[in-house]
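A quick write-up on the structure given underneath.
What you see is a predicted model; the values in this text were computed from it and never measured. Residue numbers start from 1 in every chain, and the chains themselves are labelled A, B, ... in the order their sequence lines are given, proteins ahead of strands.
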Amino acid sequence: MSSYDESDAFEGASLAARAMAARGAPYLDELNPAQRAAVEALDGPVLMLAGAGTGKTKALTARIVHLLNTGRARPNEILSVTFTNKAAREMKDRVGRLLGQSIEGMPWLGTFHSICVKLLRRHAELVGLKSNFTILDTDDQVRLMKQLIQAAGIDDKRWPARMLAGIIDNWKNRAWTPANLPASEAGAYDGKGPQLYALYQARLKELNAVDFGDLLLHVVTIFQTHDDVLQQYQRWFRYILVDEYQDTNVAQYLWLRLLAGAHKNICCVGDDDQSIYGWRGAEVGNILRFEKDFPGAHVVRLEQNYRSTPHILAAASGVIAGNKGRLGKELWTEAEEGEKVRLIGHWDGEEEARWIGEEIEAMQGGTRGMRPIRRDEVAILVRASHQMRAFEDRFLTIGLPYRVIGGPRFYERMEIRDAMAYFRVVTSPSDDLAFERIVNTPKRGLGDKAQQTIQRIARANGVPLVQGAALAVEQGEIKGKGGTELARLLDGLTRWGRLIGDASVSHVELAEMILDESGYTGMWQNDKTPEAPGRLENLKELVKALEQFENLQGFLEHVSLIMDNESDDTEEKVSIMTLHAAKGLEFPAVFLPGWEDGLFPSQRSMDESGQVGVEEERRLAYVGITRAEEVCTISFAGNRRVFGQWQSALPSRFIDELPEAHVEVLTPPGLYGGGYGAAGMGGVQSSIDARVAEANVYNSPGWKRLQARAGQRPVAQPGEARNTVIDMKAVSSHSVGERVFHQKFGYGAIIGIEGDKLEIDFEKAGTKKVVARFISAADDIPF
DNA sequence: TGTACATCGTTTTTT
DNA sequence: ACGATGTACA
């Protein structure tokens, strides 16, 4: 095994020395008793159950400082893992601030993935890789799989590459290699999954590449098969800290358990109530089982909340109490009572957006005795990103500045990935995937056929594609325009490659040269689509980002793991984001729209995971409510356009679970008398009327009656919600028994309604199911 | 190779 | 509704 970097040890020692010299421990005095207990229990396993807003990061960073201050470990002997770069950055900043200096000396504070890259580069040869392996992102991954699938003669219509990528990702999350894949998985992907998995891994090895899942999996494999390596790291990492432990998957769990196995100085911080990533492999079980995994573990609960008002906390607690198998926490606060959680129902999604827009504007001036709330203190948290649209539309028309958080990341954009592929080919000419990406971008007249020729020649000679392409040109296998263009590209690649180490050209200039001379910039300049200017702008930003790195390789190395996109504009804007994206954030005012059964909790989640799914959705509700500091407004709409169809739905079952004492029901303006009953005008079935009326009830003082009834419906029966989604278009315009006309089938009577489809008994054509929009009422026909 | 039309599948997302 | 993706045809 290679020795540890001298520099790590050196920097570490000097930092530790300075930390020690800082003397005293003011950071301990700032902690509450629970936090302090968590910080001072340095040795042995510790589980810090940190509720939302209870000062978890504060405790975690204080713990690191305390480890240093007491001389337990030097900075480079502490392994401290997070999930996101953002969390890692924040921890570094805060530890640095506590120590009064920057934290260069903590090389092992980072994300699971970045730490695994470091480890894997040191030991790559143990899993058959070279230490300069490339890291593929999801896009590369799928393209590679597509090739394998086609080569295997599988119809990728029925069995899409994305699906296989998802399956393999899941396997990797569970730390299943092709060799130890359980028999239960044999049938995956039409029975060809296991075989393709093995093939895919072999191909990655050939390409000297890994995907994200491999980073963890390979390191776990190394630890499991090379005890000497494992032992060295067990000794080296004297203390381990884990953030967001409830989000760890099996591979990460194994990784941690292996590393902590000897000394068991592991401190896991998390909140089982905020586990919302089960669908991507996170195992809440990891945190629930902690005390069994580490007998004698010290469990500390952080329950004093510094974020929200008592009403908000009580509402959140009331909802989360519906989950079983919790470790159990009760948040409390010393804050003043404040506003109750506000609940409001609307006729449809547009009205909901309109009302929220107006409410935000009213808040700027301060409503009902509340302090004025700035736009950037407001967040709208939605379950699914398609809900954002209504808000964007509305806010654009009223000119309310907003910002959407999440969405496609900078480094995932097409133009950025193309540019990076150019850089990759230039810095490592054997990067076949990158070459494939750029060989015909911009269009060089190198279609499928030319690319196959290149592949064939490269394979026949056992060389990478770039060399294969060179041979193809030499041998005159690619003729005409394509040949000339390819020759020019190859020429450029060699020229740029020579300039890499050249002191007369900075890497930033080189990057610009590559993009210009390859014709890539020109391609977008000539593009007349509206997004072209934005893409050119992004390319400029990419080049600017390069300045912060020493060279192209250094840049590529970092960028493959850093996918975040901090926007630097400072205008006060309302934030719109998904509930998932909101985890870890907080806002004075939070709007939670779309609380309808089927949307939230999401139908899919319930169908696929049943009770477990509902519980995860409930945790999502809990996360949403606990983001709010001062005012939290929950809303639902009776009708909503989903996939172009009007659908009506019941208010979310989570609304039933809000404790009445902490909720104020608002009445939307312009809701006269019958309100939701309006849908019944067309003579709708009574059962539908009843459901719509039930929705209406939330807007009135009669909401309380429903609260009383809520006990009869503590948890939804499977399949219940499915029946509650009713096509409003069908509801408002047709009803069973109605006489109708169809252009092709003539007259008939409706005998059933199913979504947008009507079952009709036609006088001449018999019983048929037809789409509602082809139907008109019989007396509408003008002849 | 490029463009026009059809078809499909639509939760959540980090690294 | 809508966007991504694939197929048919110029």
Scan [X] against the nucleic acid and name what it touches under 4.0 Å (heavy atoms): base, sugar-phosphate only, or nothing.
{"X": "Ile115(A)", "result": "nothing"}
{"X": "Asn440(A)", "result": "sugar-phosphate"}
{"X": "Gly213(A)", "result": "nothing"}

Contacts of type side-chain hydrogen bond (donor to acceptor under 3.5 Å, both in side chains), residue [X], not counting sequence neighbours:
{"X": "Asp431(A)", "answer": "Arg424(A)"}
{"X": "Thr626(A)", "answer": "none"}
{"X": "Thr82(A)", "answer": "none"}
{"X": "Asn208(A)", "answer": "Asn132(A)"}

Starting from [atom2] on [N], measure out to [atom1] on [X] and report it in whole angstrom.
{"X": "Met163(A)", "N": "dC8(B)", "atom1": "CE", "atom2": "P", "answer": "16 Å"}
{"X": "Asp247(A)", "N": "dT15(B)", "atom1": "CG", "atom2": "P", "answer": "12 Å"}
{"X": "His218(A)", "N": "dT15(B)", "atom1": "NE2", "atom2": "C1'", "answer": "15 Å"}
{"X": "Leu215(A)", "N": "dT15(B)", "atom1": "CG", "atom2": "C1'", "answer": "8 Å"}
{"X": "Gln603(A)", "N": "dT10(B)", "atom1": "CD", "atom2": "C1'", "answer": "15 Å"}
{"X": "Asp393(A)", "N": "dC2(C)", "atom1": "CG", "atom2": "C1'", "answer": "13 Å"}
{"X": "Glu244(A)", "N": "dT15(B)", "atom1": "CD", "atom2": "P", "answer": "12 Å"}
{"X": "Gln645(A)", "N": "dC2(C)", "atom1": "CD", "atom2": "C1'", "answer": "13 Å"}

*Decide whether Asp271(A) and Tyr245(A) meet the rule of one side-chain donor and one side-chain acceptor closer than 3.5 Å.*
no

*When every nucleotide of nucleotides 3-8 of chain C is labelled 5' to 3' by its protein contacts under 4.0 Å (heavy atoms), B for base, S for sugar-phosphate only, - for none, what sequence of letters results?*
---SS-

Are there any protein N/O atoms within less than 3.5 Å of an N/O atom in nucleotides 11-13 of chain B, and if so, which ones and at what distance?
unit_1  : atom_1 : unit_2    : atom_2 : d
dT11(B) : OP1    : Arg604(A) : NH1    : 2.8
dT11(B) : O2     : Arg383(A) : NH1    : 2.7
dT11(B) : O2     : Arg383(A) : NH2    : 2.7
dT12(B) : OP1    : Ser385(A) : N      : 2.6
dT12(B) : OP1    : Ser385(A) : OG     : 2.1
dT12(B) : O4'    : Arg383(A) : NH2    : 3.2
dT12(B) : O2     : Trp279(A) : NE1    : 3.3
dT12(B) : O2     : Arg383(A) : NH2    : 2.5
dT13(B) : OP1    : Thr578(A) : OG1    : 2.5

*Provide the full list of ring pair (Phe, Tyr, Trp, His ring centres under 6.0 Å) pairs with a residue in residues 597-628 of chain A, sequence neighbours left out, each pair given once.*
Trp595(A)-Phe600(A), Phe600(A)-Phe654(A)

*Applying side chain to side chain donor-acceptor pair (under 3.5 Å), run through His346(A) and Glu352(A) and close with a yes or a no.*
CA-CA 6 Å; His346(A) 300 281; Glu352(A) 182 182 50; 5.4 Å; no

Which donor-acceptor pairs under 3.5 Å do side chains of residues 159-171 of chain A form with protein atoms, sequence neighbours excluded?
unit_1    : atom_1 : unit_2    : atom_2 : d
Asp169(A) : OD1    : Gln141(A) : NE2    : 3.4
Trp171(A) : NE1    : Glu185(A) : OE1    : 2.7

*Would you kindly compare Phe112(A) and Gly447(A) by the position of their nearest DNA chain B nucleotide and give the one closer to the 5′ end?*
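Its nearest nucleotide being more 5', the pick is Gly447(A).
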
*asked:* The criterion is side-chain contact (heavy atoms from CB on, under 4.5 Å); which residues satisfy it with Asp139(A), sequence neighbours excluded?
replied: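 Once residues adjacent in sequence are excluded, the partners of Asp139(A) under the side-chain contact (heavy atoms from CB on, under 4.5 Å) criterion are Asp137(A), Arg143(A), Arg417(A), Arg437(A).
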
